[in-house]
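Structure first, commentary second.
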There are 2 protein chains.
Amino acid sequence: MARKPADQTVSREEIIMAAAEVLRRNGYEATTMKDIAAEVNLTAASLYHHFRNKDALLLAVLEGGIEHVIQQLEPVALEEKPVVEKLKQMIAVHIVNLANNPAVGAAFVFEIRALMNMRIPPRNGGQFGQEDMDAFIEKRNKFFAQRDYFEKLFRDVIQEGIDRGVFRKVDVAIVTKALLGAHNWVGVWYRPDGRLSGQEIADIMADTFLRGLAL
Amino acid sequence: MARKPADQTVSREEIIMAAAEVLRRNGYEATTMKDIAAEVNLTAASLYHHFRNKDALLLAVLEGGIEHVIQQLEPVALEEKPVVEKLKQMIAVHIVNLANNPAVGAAFVFEIRALMNMRIPPRNGGQFGQEDMDAFIEKRNKFFAQRDYFEKLFRDVIQEGIDRGVFRKVDVAIVTKALLGAHNWVGVWYRPDGRLSGQEIADIMADTFLRGLAL
DNA sequence: GAAATAATTAAATCTAAATTCGATTAAATT
DNA sequence: AATTTAATCGAATTTAGATTTAATTATTTC
């Protein structure tokens, strides 16, 4: 036989979402292609029709996540408006994102290391050609650049606040790491059925953090 | 042959430290027994003389870490002194710990999931008896209890500050998670050769956070 | 210094997981 | 309707890695 009779066909996007969810539960290394496939009612072999290999699938999860956040964050960060408002809104965007998709958020915290340490070419070599490797490495580097840019968006706004005399003179690098650490952790502990919504959590955190920055 | 001639014999503690370091680099699932063994100039087989299996080794890393922190944190948390001072000191203890041993700190952030999802008995079953499993599960539960207790120490001090009218009325659960998230992240980005010492980072973070709590 | 114990190793086992392959069916195009 | 392209599967391949075993040497202990 081949192909399940009555069932729907599965899209690339659906696989990425499913992968994120399985990754959240088990982590990259502990997740098997079979696990991911099962989540969308496919066999492991079928996944290779959509992604070159497991690494490419992880990268796709992370890429999708960062692009989505940056796309929402950038306009706010670059807008001309009071820094306090701006930062408050950025915090909300980030945390609400994390709450809406904790799986992707958790991947950010947990799986970036897997991406860093990834052996290229992959373990068994496979039919990976030089071009495949180059393409993968380029995508990966782009991802890291976006991650750094994401952090920079926050850092720059905090710096702007200091320059404008709205925030006190803090160590911007450290304070930014502290803020993002608090955020990232949300992706780890947040549960959709919890007491508070993403927006409520964001408000509490923004409030506390902004008081910490106030003169 | 057997046993290296002139070399020193390796202790359980040394293996635990080595494991933490390798874990920090690669993560639990991606770390092989061979990797850990190499770090202490042993073969993989030798590790089984010191630990029942890979899981037990991870548990030992985490156990050692939490016990060490709690041991330092508890006296401070339970001491009778101004809450502000107390919390400041607790933050310093935690962060300095993380900075002194980022490997263990990173294990906390990254590897707890591996411990949660761990299949007992382990993959190939091995010579694991019911007693072994029971012992492992008990140790694991104890670890989780300690982790919760650790978080409670911080939560209680923040609550105390509110009760005494020293801190404003914040959502204690969320604010505690935010604080610990910021801390945990230190274990991820901190580098011993970086610009600031653990104590300096702690001071900056404590300062910002305490202002966030102030009335 | 013999016997027990601790630490180590090489080699063998055993399994799970990534990936490939060839066949098959569905859907879209021409 | 014929052909191409997309999606799927089962089975085979390959490999790495955890764990076991049996042997070897070092260190205590009596």
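Residue numbering restarts at 1 for every chain, and letters A, B, ... go by the order of the sequence lines.
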Does the pair B:Glu21/B:Arg25 count as a salt bridge with the N-to-O cut at 4.0 Å?
->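 A salt bridge links B:Glu21 with B:Arg25.
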
Before accepting this row, confirm whether a basic side-chain N of the pair B:Glu111/A:Arg113 lies closer than 4.0 Å to the acidic partner's carboxylate O.
->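 Between A:Arg113 and B:Glu111 there is a salt bridge, with a charged N closer than 4.0 Å to a carboxylate O.
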
Taking 4.0 Å as the cut-off, does a side-chain nitrogen or oxygen of [X] come that near to OP1 or OP2 on [N]?
X       : N     : value
B:His50 : C:dA6 : no
B:Thr9  : C:dT8 : yes
B:His49 : C:dA7 : yes
A:Ser46 : D:dC9 : yes

Nearest whole angstrom, please: distance from the [atom2] of [N] to the [atom1] of [X].
X       : N      : atom1 : atom2 : answer
B:Leu42 : C:dA6  : CG    : C1'   : 13 Å
B:Glu14 : C:dA7  : CD    : P     : 12 Å
B:Phe51 : D:dA18 : CZ    : P     : 15 Å
B:Lys34 : D:dT15 : NZ    : P     : 15 Å
B:Asp55 : D:dA18 : CG    : P     : 10 Å
A:Asn41 : D:dG10 : CG    : P     : 13 Å
B:Asn53 : D:dG17 : CG    : C1'   : 14 Å

Would you mind telling me which residue lines up with the more 5' stretch of DNA chain D, B:Lys54 or A:Val10, judged by nearest nucleotide?
->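 That would be A:Val10.
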
Distance-only side-chain donor-acceptor flag, A:Tyr28 / A:Asp55, under 3.5 Å =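 Yes, side-chain donor-acceptor contact under 3.5 Å.
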
Strictly by modelled atom types, are B:Glu74 and B:Tyr149 linked by a side-chain donor-acceptor pair under 3.5 Å?
->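 Judged by distance alone, the side chains do pair up.
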
Given C:dA18, D:dC9, C:dA10, which nucleotide is nearest the side-chain atoms of B:Thr43?
->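 When the side chain of B:Thr43 is considered, C:dA10 is the closest of C:dA18, D:dC9, C:dA10.
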
